[in-house]
Amino acid sequence: MNRSQPSSADDQKPREAESGLATNLRDFWIFLVGDRLAEILILLVVMILAAVMEMATVAAAIPLVGSLIDSQSDTSNFLSGSLRLPDFIANADDPHTWVLAMAVIVVCVAAVVRILVIRMSAEFSARVGVDLQVRYFRYLLNRDYETAINESSSKSISLISNKIQIVISNYILGMLTTLTSIVSAIGVIIVLLWLSTAVVFLALGLLISSYVLIAWFSRLKLKKYGRDLQVYFPQKVRCVQEGLGGFRDVTMGGSQDVFANKFSTVTTKVEKAGARLVFYNRFPRPLVEAIGISSIAGIAWLSHKGIYSSDNLMPILGVFALGMLRLLPFVQQIFGQWAKVFNGQMILAELMTVLVHFEDRRPGDASYIKKPTIDLSFEKSITLTDVCFGYQGVEKSALEHISFTINKGDYVGIVGPTGSGKSTLVDLLMGLLLPSSGMVAVDDTLLEEGNLEQWRRQVAHVPQKIYLSEGSIESNIAFGVAKHDIDSFKVAECARKACIEEFILSLPAGYNTHVGEDGVRLSGGQRQRIGIARALYSDCKVLVFDEATNALDEATERLVVDGLLSQTSDYTIVVVTHNLASVNHCHRVLTIASGRAEWQ
């Protein structure tokens with residue numbers, strides 16, 4: 001059987017190089033819509049309503065500005081002719097009051113609609129953001145083992161903790177805001193065009209051409225600083241992991257300054273890139289504001305010289321100024337969003353690599369990338385036949401032509417020097433890896449993708465370094481079990497079998513004692529015995545101890561081993577060690593040397 005090559009985000013060619021930003025955006029929005037089409041349509045309707053209200057706001061300002069400029073002038077003809085309002089308003093005794101009341105009502109309604117759009121957009125982005133983060137975390141948990149050990153944890157942490165937030169901001173919330181801005185801007189432009197086509201085209205020409213030129217000259221810088229964020233943020237996370245993870249060595253070696261300086265260097269690069277992106281996003285607005293004001297001044301000058309004239313010039317200029325005031329933020333938002341999309345394209349490509357290559361479910365589906373399972377029972381034996389295995393990118397094979405059988409109820413030792421292939425062999429036995437050639441079978445059933453999950457649930461692994469969560473001893477023994485489902489009596493029984501019960505009961509909080517981050521408050525032997533208790537709690541009938549008792553004193557190790565030996569009919573036990581004394585009581589011992597195996 002040939003081992004299928006694992007697919008990892010690192011192995012995939014950058015999607016940007018393959019298909020470009022446009023394809024990534026298309027695929028992202030296809031993913032985004034999923035079963036949220038109704039939500040998006042409702043949001044679009046509200047956005048269009050907001051655009052209509054923006055038009056009404058600008059239109060309502062025409063008679064208002066005219067009235068404020070000259071409250072003594074006859075505005076009835078202007079009101080009824082220019083706006084074609086009902087006669088009972090235009091010819092009222094006090095049309096100014098009607099105009100003011102209408103303007104206030106329109107502005108208030110428009111404000112309510114805009115607030116509604118902001119809230120709906122934010123909540124929609126939040127829901128999609130949860131989907132993205134959960135789906136990516138599910139991917140991380142469901143990766144094949146070889147992919148997981150080859151991928152950088154700092155890269156995964158930076159993507160789920162920071163980069164997905166950037167995607168949410170840039171490509172969901174930002175683009176929804178931009179869509180609102182585009183629709184609203186079109187509405188405002190329509191109203192302005194209705195007032196004076198020539199003036200509006202002149203101003204818009206200056207406005208749009210200014211942003212286009214700025215965008216053209218900024219694009220390379222935006223791309224560069226976006227790439228810098230993608231590269232340097234995982235390095236920043238790695239600095240924190242190394243400094244805190246190796247805290248004891250850092251303290252003993254007095255290397256705090258080395259790690260602090262390294263963190264300072266990387267953080268400076270991250271913040272510099274972020275600051276430059278903020279600058280390139282925001283600096284156009286002051287320039288364009290100057291251009292807009294200059295345009296208004298130019299129109300006034302043309303009118304003063306008699307080159308351009310209008311019977312309602314002052315109201316038109318006032319409304320035009322209001323229109324530009326409303327239009328400029330929209331155009332700035334559009335430019336800012338373009339800048340975010342452009343500088344974030346590398347991050348989007350990285351995320352889409354995962355979504356496209358590993359995603360086969362719609363948003364919200366709890367069975368994300370869940371593989372089909374085939375029932376697999378262990379009643380007789382585990383058999384390896386002519387198994388060879390080599391890691392990707394490594395020329396020499398880790399294991400070559402391994403063949404042996406472990407019967408149910410056996411207590412087997414696997415010994416060999418460091419680097420001989422013991423851990424790789426154990427990973428094959430547990431179904432974490434599939435052989436490059438040859439086969440691994442359980443009761444004559446070949447281990448393959450369809451039944452790996454079933455087999456893994458029957459095997460408990462106790463590694464040399466036990467991972468402990470920052471919780472209670474009880475939750476660490478029943479690791480991966482929801483708090484309300486923990487069987488306290490079973491936890492105590494497993495602790496007794498692992499010879500850790502006496503120590504736990506001596507603690508003031510007993511099983512509720514918190515172990516600290518990664519079990520920092522416990523000794524190596526105590527951690528290992530909690531690991532053994534965890535394996536027993538899982539009810540797995542195959543127990544694999546990978547250097548799992550090397551931190552125990554001889555007497556404690558003998559107690560644990562004797563307890564397990566008394567139940568060999570219930571368990572099949574595999575002990576992996578380089579210490580021959582640890583396998584004295586094993587039924588059989590398999591020696592691994594230079595990637596090959598033989599029974600002693």
Side-chain angles (χ1 to χ4, degrees), residues 1-8 11 142-150 369-416 419-463 538 540-546 571-576 586-600:
M1 179 184 68
N2 291 327
R3 177 173 59 96
S4 58
Q5 297 296 325
S7 298
S8 71
D11 294 333
N142 284 276
R143 292 173 296 176
D144 62 84
Y145 182 70
E146 189 173 357
T147 297
I149 62 177
N150 286 327
I369 66 171
K370 187 176 179 63
K371 303 177 181 67
T373 58
I374 299 173
D375 288 337
L376 180 68
S377 59
F378 174 47
E379 299 296 338
K380 295 185 297 183
S381 63
I382 310 165
T383 302
L384 277 72
T385 305
D386 200 28
V387 167
C388 298
F389 182 85
Y391 290 98
Q392 290 187 20
V394 180
E395 184 176 350
K396 183 180 178 180
S397 295
L399 296 173
E400 295 181 348
H401 307 291
I402 303 292
S403 298
F404 63 85
T405 298
I406 297 176
N407 296 315
K408 183 177 181 180
D410 273 354
Y411 185 11
V412 175
I414 299 178
V415 298
S420 59
K422 301 188 302 297
S423 294
T424 301
L425 178 60
V426 167
D427 289 340
L428 288 166
L429 281 172
M430 296 190 299
L432 291 176
L433 297 174
L434 289 175
S436 302
S437 62
M439 68 177 189
V440 180
V442 177
D443 289 356
D444 301 323
T445 299
L446 185 67
L447 279 185
E448 51 190 359
E449 289 291 339
N451 57 25
L452 282 178
E453 184 175 346
Q454 288 291 322
W455 173 238
R456 290 168 185 164
R457 290 179 180 177
Q458 300 181 58
V459 181
H461 179 227
V462 186
S538 66
C540 295
K541 297 307 179 184
V542 179
L543 304 180
V544 177
F545 296 88
D546 190 354
Y571 298 110
T572 300
I573 302 172
V574 177
V575 176
V576 182
C586 292
H587 299 162
R588 293 185 295 165
V589 177
L590 188 70
T591 301
I592 305 293
S594 300
R596 296 182 178 273
E598 63 179 14
W599 292 108
Q600 285 188 358

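Computation of the quantities below employed the complete heavy-atom set of this structure, encompassing side-chain atoms and omitting hydrogens, waters and symmetry-equivalent molecules. Nothing fancy with the numbering, it's 1 onward along the sequence.
Within the 4.5 Å cutoff, side-chain heavy atoms of Thr572 are placed close to those of Phe378. Contact check for Pro435 versus Val387: side-chain heavy atoms found under the 4.5 Å cut-off. Annotation: side chain of Ile592 is in contact with side chain of Ser420 (closest heavy-atom distance under 4.5 Å). Side-chain contact check for Leu434 versus Leu452: some heavy-atom pair is nearer than 4.5 Å. Proximity of Val442 to Thr383: side-chain heavy atoms (C-beta onward) are nowhere separated by under 4.5 Å. Residues Phe404 and Leu425 are in side-chain contact: their nearest non-hydrogen atoms beyond the backbone lie under 4.5 Å apart. No side-chain heavy atom of Ile573 sits less than 4.5 Å from a side-chain heavy atom of Val412. Side chains of Thr405 and Ser381 form a contact here, defined as non-hydrogen atoms less than 4.5 Å apart.
Scanning both residues, Ala460 and Cys540, for their nearest heavy atoms gives N-CB, 3.7 Å. Scanning all heavy atoms of the two residues, the minimum distance from Arg588 to Asp410 falls at NH2-OD2, 2.9 Å.
When each of Glu449, Arg456, Arg457 is paired with Glu453, the side-chain contact (heavy atoms from CB on, under 4.5 Å) condition holds for Arg457 and for no other.
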From CA spacing to verdict: side-chain contact (heavy atoms from CB on, under 4.5 Å), Val544, Leu429: CA-CA 9 Å; Val544 177; Leu429 281 172; 5.9 Å; no

Test log, rule side-chain contact (heavy atoms from CB on, under 4.5 Å), inputs Ser403 and Leu384: CA-CA 5 Å; Ser403 298; Leu384 277 72; 5.8 Å; no

side-chain contact (heavy atoms from CB on, under 4.5 Å) between Leu376 and Leu447, intermediate numbers included: CA-CA 9 Å; Leu376 180 68; Leu447 279 185; 3.7 Å; yes

Test salt bridge (charged side-chain N to carboxylate O under 4.0 Å, His left out) applied to Lys380 and Asp444, step by step: CA-CA 9 Å; Lys380 295 185 297 183; Asp444 301 323; 3.4 Å; yes

Derivation of the side-chain contact (heavy atoms from CB on, under 4.5 Å) call for Val574 and Val576: CA-CA 7 Å; Val574 177; Val576 182; 4.3 Å; yes

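Note that the OG atom of Ser423 and the CG atom of Leu432 stand 11.0 Å from one another [nearest 0.5 Å]. Separating the CZ atom in Phe545 from the CD1 atom in Ile414 is a distance of 13.0 Å, to the nearest 0.5 Å. Put simply, CD on Gln458 and NZ on Lys541 are 10.5 Å apart, with the number rounded to the nearest 0.5 Å. To the nearest 0.5 Å, atoms CZ (Phe389) and OG (Ser436) are separated by 5.5 Å. Atoms SG and CG, on Cys388 and Leu399 in that order, are 8.0 Å from each other to the nearest 0.5 Å.
Formation of a donor-acceptor pair under 3.5 Å by the Lys422 side chain with backbone atoms of Gly416 is found in this model. Remark: the backbone N or O of Tyr411 is paired with a side-chain donor or acceptor of His587 at under 3.5 angstrom. Within the 3.5 Å criterion, the main-chain N or O of Val462 finds no donor-acceptor partner in the side chain of Asp546.
With hydrogens and angles left out, the side-chain atoms of Thr424 and Tyr391 include a donor and acceptor closer than 3.5 Å.
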